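Here's the structure, in structure tokens; my notes come after.
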Amino acid sequence: EVGEVPFANDALYNTIPDYGLTEDKKTLFEKFGIELEGTEELFLSIGDYNHDKGMDLIPEFLQAYAAKSGRKIAWIAFGQAITGEIFRKMMEESETWNFKAFLFDQRISHDQVLGFLTNADCYIMLHRNSVFDIATLEAMYAGCGLVLSDAGSNHEFNRDGNVVIVRKPGDEEAVRRLEEIDRKRWRHSNRQVFERYFSQGRFREKYGRILEAFLNNRCGKKQSEVNQIYLSGWKDRYKGKKVIICGAGSSLDNLKEQEKECIYIALNKALFYTRIRFDVLFMQDMPVGQKHTLEDYNRYPCTKFYGIITNPDFGSMGVGGKDAVFHEVEGEVCRY
């Protein structure tokens, strides 16, 4: 039912990691045979040649802008020709355009995308249909000006008047705004909007807030009886000691020798890693589909915490459940 679906009060956006440029401009441009005088205003597009991406709408706008501003313009576009006819037609018409165009029927590596973004003045995409485009986030991160169509989620990026919105290919108002906008301030504004709304810190903050609200709504803030009764005695038990927690992934092979005066905690089947003698086991679910049975885990001489998935549908939450029994191992009370 609709009433059971949790809705966020604010949109939850994806983000991107911190990036660094790996290739200098000269090397990068030479690799693709791109020759510029150095005085052109450089526009960049990253998207496949198909109906939704609207790559074929960009030339009309750039021609209108070049004619009105009188500026030298260069446009670089990378993408796969999903619709071959669109790419072929653009290549044929490019001979008549009043600006330089470098159209590539190929996708490029992520490092190369970042390199071109770092050296572009403007990132332009005139989608007919748009989702929340990660490449646009990367352009903001790189400090590009943004020229986007009046479609889909493109407006989500426009938080501080930092996007030139194009409502139709030859949009005179958008051309005028692009001609008059302060380039240095514009580029800085896009980077600031990225940091303020779409950065990793903002990502963690927003998702954390939504998840906390959801869990509080489903589970309440009441501490589980299991935790109150049985786990309080473990507080600060290993304070001041080095504790190593081991999952069962391939990185466990990097653990060669057991350190003295160190507490080793195994998660699930990591318990049977033969090079380490474990002190504590945490296991969330019954061991199914593996060679070790629950009896094998029980026989291992360590303190054990056996749990069930934390779920508000269970009467008890935390380590163990209402059907759990107790087991003494080396003086410690454990549940399984």
Side-chain angles (χ1 to χ4, degrees), residues 13-29 31-32 34 36-47 53 55 58 61-62 65-66 69 71-79 99-100 102 104 108-127 130-149 153-166 174-206:
Y13 301 105
N14 287 327
T15 188
I16 57 176
D18 290 328
Y19 295 127
L21 178 62
T22 58
E23 293 186 87
D24 63 81
K25 181 177 180 179
K26 185 174 183 295
T27 302
L28 184 61
F29 282 44
K31 183 177 294 185
F32 292 93
I34 298 173
L36 299 175
E37 296 176 14
T39 57
E40 300 92 344
E41 186 171 0
L42 182 58
F43 288 79
L44 177 70
S45 301
I46 304 292
K53 293 295 184 181
M55 297 281 266
I58 296 174
F61 177 79
L62 290 181
Y65 171 63
S69 67
R71 296 172 182 170
K72 293 181 179 180
I73 296 172
W75 178 39
I76 301 173
F78 286 98
F99 58 88
K100 291 181 180 179
F102 302 90
F104 297 91
I108 56 177
S109 72
H110 191 243
D111 284 347
Q112 290 168 339
V113 169
L114 298 178
F116 279 109
L117 285 171
T118 302
N119 289 287
D121 296 299
C122 302
Y123 179 74
I124 181 169
M125 286 298 294
L126 301 187
H127 306 86
S130 174
V131 294
F132 191 73
D133 197 344
I134 293 296
T136 305
L137 278 187
E138 293 175 327
M140 297 177 78
Y141 178 87
C144 291
L146 290 183
V147 180
L148 303 175
S149 63
S153 62
N154 284 342
H155 289 277
E156 298 295 312
F157 301 104
N158 192 23
R159 299 304 185 92
D160 189 28
N162 53 296
V163 179
V164 173
I165 297 293
V166 179
V175 168
R176 183 193 61 77
R177 183 163 183 241
L178 181 57
E179 182 183 16
E180 296 176 354
I181 198 166
D182 183 310
R183 293 299 193 268
K184 184 176 181 181
R185 187 173 180 178
W186 187 28
R187 291 167 65 93
H188 179 71
S189 175
N190 273 296
R191 180 58 193 258
Q192 289 298 105
V193 168
F194 171 82
E195 294 295 341
R196 193 177 304 125
Y197 295 99
F198 307 112
S199 63
Q200 292 182 57
R202 186 63 172 152
F203 177 90
R204 289 190 294 268
E205 175 191 333
K206 293 182 73 173

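All values below were derived from every heavy atom in this structure, side-chain atoms included, with hydrogens, water molecules and symmetry-related copies excluded. Just so you know, these numbers come straight off a predicted model, no measurement behind them.
Under the rule for a ring pair (Phe, Tyr, Trp, His ring centres under 6.0 Å), the partners of Phe29 that lie at least two apart in sequence or sit in another chain are Phe116. In this view, Ala66 and Ile73, Asn98 satisfy the side chain to side chain contact (heavy atoms under 4.5 Å, CB included) rule, not counting sequence neighbours. Partners of Phe203 according to the ring pair (Phe, Tyr, Trp, His ring centres under 6.0 Å) rule, which considers only residues two or more places apart in sequence or in another chain, are Tyr207. A search for ring pair (Phe, Tyr, Trp, His ring centres under 6.0 Å) contacts involving Phe194 returns Tyr141, not counting sequence neighbours. For the salt bridge (charged side-chain N to carboxylate O under 4.0 Å, His left out) test, residues two or more places apart in sequence or in another chain that qualify with Glu37 are Lys72, Lys100. Under the salt bridge (charged side-chain N to carboxylate O under 4.0 Å, His left out) criterion, Glu179 pairs with Lys68, sequence neighbours left out. With sequence neighbours left out, the ring pair (Phe, Tyr, Trp, His ring centres under 6.0 Å) criterion links His110 to Tyr19. With sequence neighbours left out, Tyr65 forms a side chain to side chain donor-acceptor pair (under 3.5 Å) with Glu41, Arg71, Arg183. Glu195 is linked by a side chain to side chain donor-acceptor pair (under 3.5 Å) to Arg191, counting only residues two or more places apart in sequence or in another chain. Residues satisfying the side chain to side chain donor-acceptor pair (under 3.5 Å) criterion with Ser149, sequence neighbours excluded, are Asn154. Evaluation of the side chain to side chain donor-acceptor pair (under 3.5 Å) rule for Gln192 yields no partner, not counting sequence neighbours. Here Lys184 pairs with nothing under the salt bridge (charged side-chain N to carboxylate O under 4.0 Å, His left out) rule; sequence neighbours left out.
Nearest heavy-atom pair, Leu126 versus Leu148, reported as atom, atom and distance to 0.1 Å: CD2-C, 4.0 Å. Between Ala135 and Leu117, the shortest heavy-atom distance links the atoms O-CD1, 4.5 Å. Considering all non-hydrogen atoms of both residues, Val164 and Ile181 come closest at CG2-CD1, 4.4 Å.
You'll find the ring centres of Phe157 and Tyr197 outside the 6.0 Å limit. Proximity of the aromatic rings of Tyr123 and Phe43 is defined here by a centroid distance below 6.0 angstrom, and this criterion is not met.
At least one donor-acceptor pair under 3.5 Å links the side chain of Thr118 to the backbone N or O of Leu114. Looking only at distances, a side-chain donor or acceptor of Arg187 sits under 3.5 Å from a matching main-chain atom of Gly143.
Annotation: side chain of Ser45 is not in contact with side chain of Phe78 (no heavy-atom distance under 4.5 Å). Between His188 and Arg185 there is no side-chain heavy-atom pair separated by less than 4.5 Å.
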Residue pair Phe32, Phe104: steps toward the ring pair (Phe, Tyr, Trp, His ring centres under 6.0 Å) verdict: CA-CA 9 Å; Phe32 292 93; Phe104 297 91; 5.7 Å; yes
